[in-house]
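In this text, all values refer to a predicted model and were calculated from it rather than measured experimentally.
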Amino acid sequence: MADEAKAKGNAAFSSGEYSAAISHFTDAIALAPTNHVLYSNRSASYASLNNYSDALSDAKKTVDLKPDWPKGYSRLGAAHHGLGHFDDAVSAYKKGLEIDPNNAALKDGLAESQSAAARAARASRPPPPSNPFGDAFSGPQMWAKLTADPSTRAFMQQPDFVNMMQEIQRNPSNLNLYLKDQRVMQALGVLLNVKLQGGGAAEGDDDMPDFPAERARSAEQPAPQRKEVKKPEPEPEEEKEAKKRKAEALKEKEAGNAAYKKKDFDTAIQHYTKAMEIDDEDISFLLNRAATYLEMGKYDDCIKDCDKAVERGREVRADFKMVAKALTRKGTAIVKTAKTSKDYEPAIEVFQKALTEHRNPDTLKKLNDAEKAKKDLEQQEYFDPKLADEEREKGNDFFKQQKYPEAIRHYTEALRRNPKDPKAYSNRAACYTKLGAMPEGLKDAEKCIELDPTFSKGYTRKGAVQYFMREYEKALETYQEGLKHDPGNPDLVDGVRKCVEQMNKASRGDLSADELKERQAKGMQDPEVQNILSDPVMRQVLVDFQENPKAAQEHSRNPMVMAKIQKLVNAGIVQIK
């Protein structure tokens with residue numbers, strides 16, 4: 001069944017087994033090639049394996065089969081985005097939003113693809129003119145040259161010089177800030193392989209430290225007084241202040257966590273709020289406060305904090321897992337306030353959106369629970385026994401007019417209004433039997449018996465289906481079971497009579513050649529018949545009946561053996577004369 005393969009695919013996808021999911025969805029598609037959901041699911045599986053080409057192919061098929069389904073365009077946009085076709089992705093998401101303007105997943109996908117398209121456009125522009133000295137200061141080669149050259153080797157032991165060169169390496173334009181330092185000029189000359197004149201200082205009268213390659217001064221010439229070496233530049237005040245704020249915010253968060261564990265929620269709220277005021281770039285503070293509001297039953301406040309966390313998370317490019325957690329928490333709060341089936345719809349949408357951010361098993365479970373709760377409530381809200389009876393009567397009228405498809409439609413509506421009505425199942429089973437839809441009729445008859453084992457009509461319907469399918473032994477058992485609950489029921493008694501009559505025809509050898517062939521083919525499909533024929537003891541019994549009358553008499557006294565013989569006779573496999 002396609003549904004069974006689909007369910008296996010969904011389970012594999014949830015477990016992160018994307019290759020297995022693709023295999024199951026492929027099996028389902030083979031059974032239901034026009035089911036757009038199957039192509040959508042397989043597209044998501046391909047995308048999870050970064051196989052965006054196949055994901056795109058399935059997404060296009062999804063849209064072709066169901067052009068008015070928003071999720072199809074979400075799959076199409078994701079596949080284009082994965083392939084780097086950002087303009088095509090933008091177009092796909094926009095088409096989806098034309099169908100469902102409030103679809104959050106499509107909105108997010110559109111924003112991400114537009115952003116990616118903008119980045120790609122910027123990357124394609126010609127680069128700005130580079131600093132003429134930029135290459136000289138790039139990479140580890142700079143430090144290697146300065147260390148190798150005798151004229152700059154000693155500078156490498158001086159922290160202030162190293163700091164200056166690091167600043168220049170980070171941003172070559174900073175060179176202008178240090179041109180008055182003769183060491184920097186000397187280093188620049190080494191890096192550019194040129195000899196640079198100092199900035200206005202007389203030759204031999206600079207403030208450079210002594211090094212081996214320096215021209216020797218005469219013994220009579222006193223060495224110039226060395227200038228005071230610069231101290232390393234202090235850390236900028238802004239960075240210091242930022243680190244201090246983050247540390248204070250984390251301290252408040254820890255205090256909030258401690259209060260939360262003690263269920264002192266008001267205190268926890270105060271600490272989380274304080275942390276947010278100190279550092280508004282860490283959305284974990286918002287998430288923790290939202291969790292606290294959820295515990296307190298303040299669901300509206302929880303939802304507001306989750307929305308803020310998502311919005312702020314987008315701005316500061318927070319980890320997608322954090323954004324997914326905020327959406328899951330929001331969905332949980334919405335579920336807590338749900339009273340009708342409609343109330344579950346926004347929660348389901350939020351959970352689905354969270355799963356596009358991060359495939360989390362807990363979120364998936366919450367989604368499945370919400371969908372089940374919605375379905376159960378829809379059934380409860382639709383439940384109306386009075387209207388169910390009216391629909392059943394309409395079905396009865398059409399049945400009398402031999403308009404069986406119309407009758408089935410009304411019986412089906414009756415069952416939607418009251419799924420516990422055995423009469424509606426019984427009547428619909430009769431319609432299916434009239435239309436030759438035996439499997440459907442059998443299913444309804446069995447459901448009827450399940451709901452009310454004492455209702456004789458259920459056994460009548462089931463026996464009739466089995467009789468028409470030429471399963472006379474099974475039909476006989478059904479009729480006999482019905483007679484236990486309603487002895488003397490004429491329909492059940494007549495059913496027993498007809499089954500025995502058909503079974504005796506085989507015993508007497510009264511079946512036509514075509515009937516015998518059909519019954520034998522059907523009998524050979526019966527597992528019980530197959531077991532009897534594969535049993536060595538029974539094979540010897542059959543030989544004895546043909547060749548050894550004395551042994552056959554002994555076998556005839558064994559009820560178990562004769563029951564098996566009768567089974568083969570009824571199946572048309574053997575005949576006893």
Side-chain angles (χ1 to χ4, degrees), residues 1 3-4 7 338-345 368-469 471 474-496 498-499:
M1 294 290 289
D3 289 342
E4 183 178 351
K339 293 183 175 63
T340 68
S341 59
K342 288 285 185 184
D343 295 338
Y344 279 93
E345 291 179 359
N368 292 337
D369 290 345
E371 289 176 336
K372 183 178 184 302
K374 178 179 182 291
K375 185 177 180 180
D376 291 343
L377 272 178
E378 284 177 339
Q379 184 61 62
Q380 293 176 20
E381 292 162 359
Y382 206 73
F383 183 79
D384 190 329
K386 183 178 179 181
L387 288 177
D389 289 342
E390 292 177 3
E391 288 294 331
R392 180 158 46 79
E393 287 302 321
K394 291 178 182 178
N396 293 345
D397 290 339
F398 279 110
F399 186 89
K400 293 173 183 176
Q401 300 172 42
Q402 299 183 0
K403 296 180 179 179
Y404 304 120
E406 291 85 348
I408 287 174
R409 187 173 67 251
H410 286 289
Y411 290 141
T412 301
E413 179 62 20
L415 288 169
R416 289 186 63 203
R417 292 290 183 180
N418 182 9
K420 301 296 184 182
D421 182 8
K423 294 180 181 179
Y425 277 110
S426 170
N427 293 1
R428 194 171 68 175
C431 288
Y432 281 133
T433 305
K434 292 290 186 181
L435 292 172
M438 299 305 172
E440 291 82 357
L442 182 62
K443 184 177 178 181
D444 272 4
E446 289 176 340
K447 185 66 176 178
C448 173
I449 293 172
E450 177 189 329
L451 291 172
D452 186 359
T454 65
F455 187 45
S456 58
K457 280 286 186 182
Y459 298 98
T460 304
R461 304 299 187 205
K462 182 179 178 180
V465 172
Q466 292 169 326
Y467 183 88
F468 284 121
M469 294 173 71
E471 296 178 348
K474 292 182 179 180
L476 179 61
E477 291 175 4
T478 299
Y479 288 133
Q480 290 174 336
E481 183 65 25
L483 287 170
K484 293 178 183 178
H485 301 285
D486 187 8
N489 182 288
D491 292 332
L492 294 172
V493 171
D494 187 55
V496 169
K498 290 192 296 183
C499 288

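Side-chain contact between Asp384 and Asn418: absent, with no pair of heavy atoms (C-beta onward) separated by less than 4.5 Å. At a threshold of 4.5 Å between non-hydrogen side-chain atoms, the residues His485 and Tyr459 count as touching. Between Leu435 and Ile408 there is a side-chain heavy-atom pair separated by less than 4.5 Å. Side-chain contact between Glu393 and Glu390: absent, with no pair of heavy atoms (C-beta onward) separated by less than 4.5 Å. Taking the side chain as every heavy atom from C-beta outward, Arg461 and Asp444 never approach each other to under 4.5 Å. With a 4.5 Å cut-off on side-chain heavy atoms, Leu483 and Val493 count as touching.
A distance-only check finds a donor-acceptor pair linking the side chain of Asp343 to the backbone of Thr340 [under 3.5 Å]. With Gln480 contributing its side chain and Leu492 its backbone, the two residues share no donor-acceptor pair below 3.5 Å. Under a 3.5 Å cut-off, the side chain of Glu381 and the backbone N or O of Ser341 do form a donor-acceptor pair.
Taking all atoms of both residues into account, the shortest heavy-atom contact from Val465 to Gly441 is CG2-C, 4.1 Å. In plain terms, the two heavy atoms of Cys499 and Ala475 that are nearest each other are SG-CB, 3.6 Å. Across every non-hydrogen atom of Tyr411 and Cys431, the tightest pair is CE1-SG, 3.5 Å. Between Phe455 and Cys448, the shortest heavy-atom distance links the atoms CD2-SG, 3.4 Å. When every heavy atom of Gly395 is checked against every heavy atom of Ala407, the shortest pair comes out as O-CB, 3.4 Å. Considering every non-hydrogen atom in both Gln379 and Arg416, the closest pair reads NE2-O, 2.7 Å.
With Tyr382 as the aromatic partner, Arg417 meets the cation-pi criteria of under 6.0 angstrom to the ring centre and within 45 degrees of the ring axis.
Using a 3.5 Å distance cut-off with no hydrogens or angles, the side chains of Tyr479 and Asp491 do not pair a donor with an acceptor.
Around NZ of Lys374, the count of heavy atoms belonging to other residues, nucleotides or ligands within 6.0 Å exceeds 12. Counting non-hydrogen atoms of other residues, nucleotides and ligands closer than 6.0 Å to NZ of Lys498 gives a total above 12. In the displayed structure, Phe383 atom CZ is contacted under 6.0 Å by more than 12 heavy atoms of other residues, nucleotides or ligands.
The pair Lys474-Glu477 fails the salt-bridge criterion, with no side-chain N (NZ, NE, NH1 or NH2) lying under 4.0 Å from an Asp/Glu carboxylate O. Between Glu440 and Lys443 there is no salt bridge, since none of the side-chain N atoms of the basic residue sits less than 4.0 Å from a carboxylate O of the acidic one. Under 4.0 Å is where a charged nitrogen must lie from a carboxylate oxygen, and between Arg409 and Glu406 no such pair does.
Distance check: Phe398 CZ to Asn427 CG gives 14.5 Å after rounding to the nearest 0.5 Å. How far CG of Leu442 is from CE of Met469: 6.5 Å, rounded to the nearest 0.5 Å. Interatomic distance, NZ of Lys420 versus OH of Tyr425, reported as 8.0 Å (0.5 Å rounding). To the nearest 0.5 Å, atom NZ of residue Lys423 and atom CG of residue Leu451 are 13.0 Å apart. Atom CG of residue Leu377 and atom NZ of residue Lys339 lie 11.5 Å apart, to the nearest 0.5 angstrom.
The only option from Arg392, Lys447, Arg428 that meets the side-chain contact (heavy atoms from CB on, under 4.5 Å) definition with Leu415 turns out to be Arg428.
When ring centroids are compared, Phe399 and Tyr404 come within the 6.0 Å threshold.
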